[in-house]
Participant: 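One structure, pasted below without further comment.
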Number of protein chains: 2
Amino acid sequence: MNDKEKDKDKSWATAEDVAKLAGVSRSAVSRAFTPGASISGKTKTLVMQAAERLGYQVDINARNMIQGRSSFVGVVTSGLANPFRVKLLAPLAHYLGEHGFLPILMNADDADQIAHSLQILLSYRIAGVIMTSGAPPLALASEYVNRRIPVAMVNRAAELDGADVVNSDNDAGGRMAAQRLIQSGATRFAFVGPHISNFSGKARCDAFVDALKGLPRRKGDVELCNTSTDSYESGQQAANTLLNRSRGIPDGVFCATDMIALGFIDAVRHRFQKRVPEDIRVVGFDDIQHAGLDSYRLSTVAQNVQELARHTVQVLVERMNDFDTPAQVRVVPVSFVERDTAGPISG
Amino acid sequence: MNDKEKDKDKSWATAEDVAKLAGVSRSAVSRAFTPGASISGKTKTLVMQAAERLGYQVDINARNMIQGRSSFVGVVTSGLANPFRVKLLAPLAHYLGEHGFLPILMNADDADQIAHSLQILLSYRIAGVIMTSGAPPLALASEYVNRRIPVAMVNRAAELDGADVVNSDNDAGGRMAAQRLIQSGATRFAFVGPHISNFSGKARCDAFVDALKGLPRRKGDVELCNTSTDSYESGQQAANTLLNRSRGIPDGVFCATDMIALGFIDAVRHRFQKRVPEDIRVVGFDDIQHAGLDSYRLSTVAQNVQELARHTVQVLVERMNDFDTPAQVRVVPVSFVERDTAGPISG
DNA sequence: TTGTAAGCGTTATCAG
DNA sequence: CTGATAACGCTTACAA
């Protein structure tokens, strides 16, 4: 009776069960599942057959425990509301998987939750942490570094000693945007984005402004419209600010993210009845899914999520192998995606 | 020397370290971290102080191993490209967390990967599986059920014995759409979506058609435009099909998902130069982020992701406690979100 | 309330 | 190549 109950619920077969069925020792089973272990083909097939019949799989946690390692990597991101960060997730999971790691997703939306997430990740003995742009404060990151847990950051300032950083080439992106806007014949420029507090925003802004310096036909200074977030709503608000001014309105606008650009364009079109790109040319940054929709067809600077993810996992793994290796900063190339909002290239 | 190296890399403090520092036994440490264990306040604070100093956290995997349970739940979803499924993720993670579970995200995009994901999840000794609508085939689900691993499905047919299902009220949603389109004065109706192969699509379609039966002013049958996916592209293609026909074009269209609706609307507006809602009224289903953007302002049937997630976790946990409990089907209410694409309510 | 000892499912070590 | 034995970090009888 008791045995039957056990059979019923203990659905997990153990190495011992397999060993018994195959008529070998537990060690033999272990070896059969260890690539490159010294075991004869005969016993291996014997074990594998028994394992198949019992539906046995090695218990990764038990294996990790004895090997003193972990197969978890914390991915702390500041919200699934941001399409770009979501887009980064799949390739990140992919490359982590290639190294035998499993991502543990941590939503860092509230500040409370964020402290709790640290505890959880520690409880799971994570092998490393990946922090994507946005909310997670630096203090949190240094908590990990202090515990000698490898940290890799994506699209953030390299402010933390001992943590690697992988960034898109914001500088090149900002210059591309400027160049493209110049080609379209714009003469009055504006930047919209979080260029004060946000690292990426600042870099994109600086490069944009810099590339516009000394342009002969330019009218007035480049208007800098700072936003508090990188959201659609921020883009709408920026349009209100920029188009309600008494001076001439800009005709070439670079938005720090696609979501901002979308909000800006929608406000320009539906609230101010102006046309994009005819009246105002707009360039975004990220190349999220929305950018390709027919209602927008946003010209934008595309981040290469695949490469971003690959390098991030790579630096993280390198630091796992040697925690005291010097911190790296890797820059991933961006590319310009031509659609409609930047207007035609004029003589 | 050897000791120093150990100190350097073995950054994880163990219960033994804490015990030593606090001057108590390992069991005392364990008890201090077990809610409701019999331990004196004095020793507990002693332990906690030592733990604090060493940055100790209980190793959840070791704990789970000895307690014969797992804190992982597999969430197998058919791709982060679908905004609705992404929207479901955060609340799912939230409610799982409330029960002490951690989601393991499995991307089920290719068929190859999907078989591999089964292995991985088994290796982690998951306590249960949540399958969201879409790709993951039923055969995979039954693999889990056969191993007596609890399975909960979201927005899928209740075809699998021993697996619980949580659905949005597609029936009510389809009727809402019909009613709203009738109110807007439409007389020629069409449904666009995967109503043949897809469970949700079929249910929404049936309810829509049914609610339109016997409508006096109706012109012709409800046109059923089947799509192969629930994507933006499918919506665009559907518009090509529907608007290129020689018969009169529909003026009241219900799309099975918001992404389809977006594609349909964009094609109608930009390829056929017709107006939404003036020429064609459109209603969607899901209420994804895009639906609220000013360029669309899509009127749609909103799914309640919060409740969907809550119930899903609830049925899963119930089945964990008693695997042989009869399978449940729970239906979560939907609500209509009024925006612009359904047009004004006419006489 | 406490400490001691056994055991969870693995793999590493060391004989044979 | 194979099998016994110890160990990983933890919880939980059991005894004190």
Participant: Toward the 5' end of DNA chain C, which comes first, A/Gln57 or B/Ile39, by nearest nucleotide?
Facilitator: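 The answer here is B/Ile39.
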Participant: In whole angstrom, give the distance that lies between atom CD of A/Glu16 and atom P of D/dG3.
Facilitator: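 Distance, rounded to whole Å: 13 Å.
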Participant: Using whole Å, report how far OH of B/Tyr124 lies from P of C/dT10.
Facilitator: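 Atom-to-atom, B/Tyr124 to C/dT10, this comes out as 14 Å.
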Participant: Taking everything shown except A/Asn321 itself, do over 12 heavy atoms lie less than 6.0 Å from its CG?
Facilitator: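 Yes, enclosed.
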Participant: Atom CG of B/Leu46 to atom P of C/dG3: distance rounded to whole Å?
Facilitator: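 After rounding, the reported distance stands at 10 Å.
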Participant: If you assign B/Ser38 and B/Met65 each to the DNA chain C nucleotide with the nearest heavy atom, which residue ends up on the more 5' nucleotide?
Facilitator: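 Nearer the 5' end of the strand: B/Ser38.
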Participant: State whether B/Thr14 places a side-chain N or O below 4.0 Å from either non-bridging phosphate oxygen (OP1 or OP2) of D/dC8.
Facilitator: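 B/Thr14 to D/dC8 OP1/OP2: no side-chain N or O under 4.0 Å.
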Participant: Going 5' to 3' along nucleotides 11-16 of chain C, which nucleotides have protein heavy atoms under 4.0 Å from the base (write B), which only from the sugar-phosphate (write S), and which from neither (write -)?
Facilitator: BB----
Participant: At 4.0 Å (heavy atoms only), tell me whether B/Arg125 reaches a base, stays on the sugar-phosphate, or touches nothing.
Facilitator: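 The answer is sugar-phosphate, as B/Arg125 gets under 4.0 Å only of primed atoms, P, OP1 or OP2.
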Participant: B/Ile60 CD1 to D/dT11 P: how many Å, rounded?
Facilitator: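 So the two atoms are 10 Å apart, to the nearest Å.
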Participant: Rounded off to whole Å, could you give me the CG-to-C1' distance for the A/Asp17 and C/dT10 pair?
Facilitator: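 Checked: the CG to C1' distance equals 13 Å.
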Participant: Within the side chain of B/Arg147, is there an N or O that forms a donor-acceptor pair under 3.5 Å with the backbone of A/Gly55?
Facilitator: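 It does hold such a pair.
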Participant: Please report, rounded to the nearest Å, how far the C1' atom of D/dT12 is from the CZ atom of B/Arg69.
Facilitator: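 It is 13 Å, rounded to the nearest whole Å.
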Participant: Whole Å only: how far is the NZ atom of A/Lys20 from the C1' atom of D/dA4?
Facilitator: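 After rounding, the gap between these two atoms is 16 Å.
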Participant: Give me the atom names and distance for the closest heavy-atom approach of A/Lys44 to A/Ala32.
Facilitator: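 Of all heavy-atom pairs spanning A/Lys44 and A/Ala32, the closest is CE-O, 3.6 Å.
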Participant: Remember a base hit wins even if backbone is also touched, and classify A/Ser40 as base, sugar-phosphate or nothing at under 4.0 Å, heavy atoms.
Facilitator: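 The answer is sugar-phosphate, as A/Ser40 gets under 4.0 Å only of primed atoms, P, OP1 or OP2.
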Participant: Using the ring centroid of each side chain, check whether B/Phe101 and B/Tyr95 are separated by less than 6.0 Å.
Facilitator: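 Between B/Tyr95 and B/Phe101, which both carry aromatic rings, the centre distance is not below 6.0 Å.
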Participant: In terms of relative ring orientation, are B/Phe72 and A/Tyr124 parallel, tilted or perpendicular, with 30° and 60° separating the classes?
Facilitator: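 Tilted.
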Participant: Hey, is the main chain of B/Thr43 close enough, under 3.5 Å, to the side chain of B/Ser40 for a donor-acceptor pair?
Facilitator: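 Side chain of B/Ser40 to backbone of B/Thr43, a donor-acceptor pair under 3.5 Å: yes, one is there.
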Participant: Regarding A/Arg148 and A/Asp324, does a basic nitrogen lie under 4.0 Å from an acidic carboxylate oxygen?
Facilitator: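 Yes, this pair counts.
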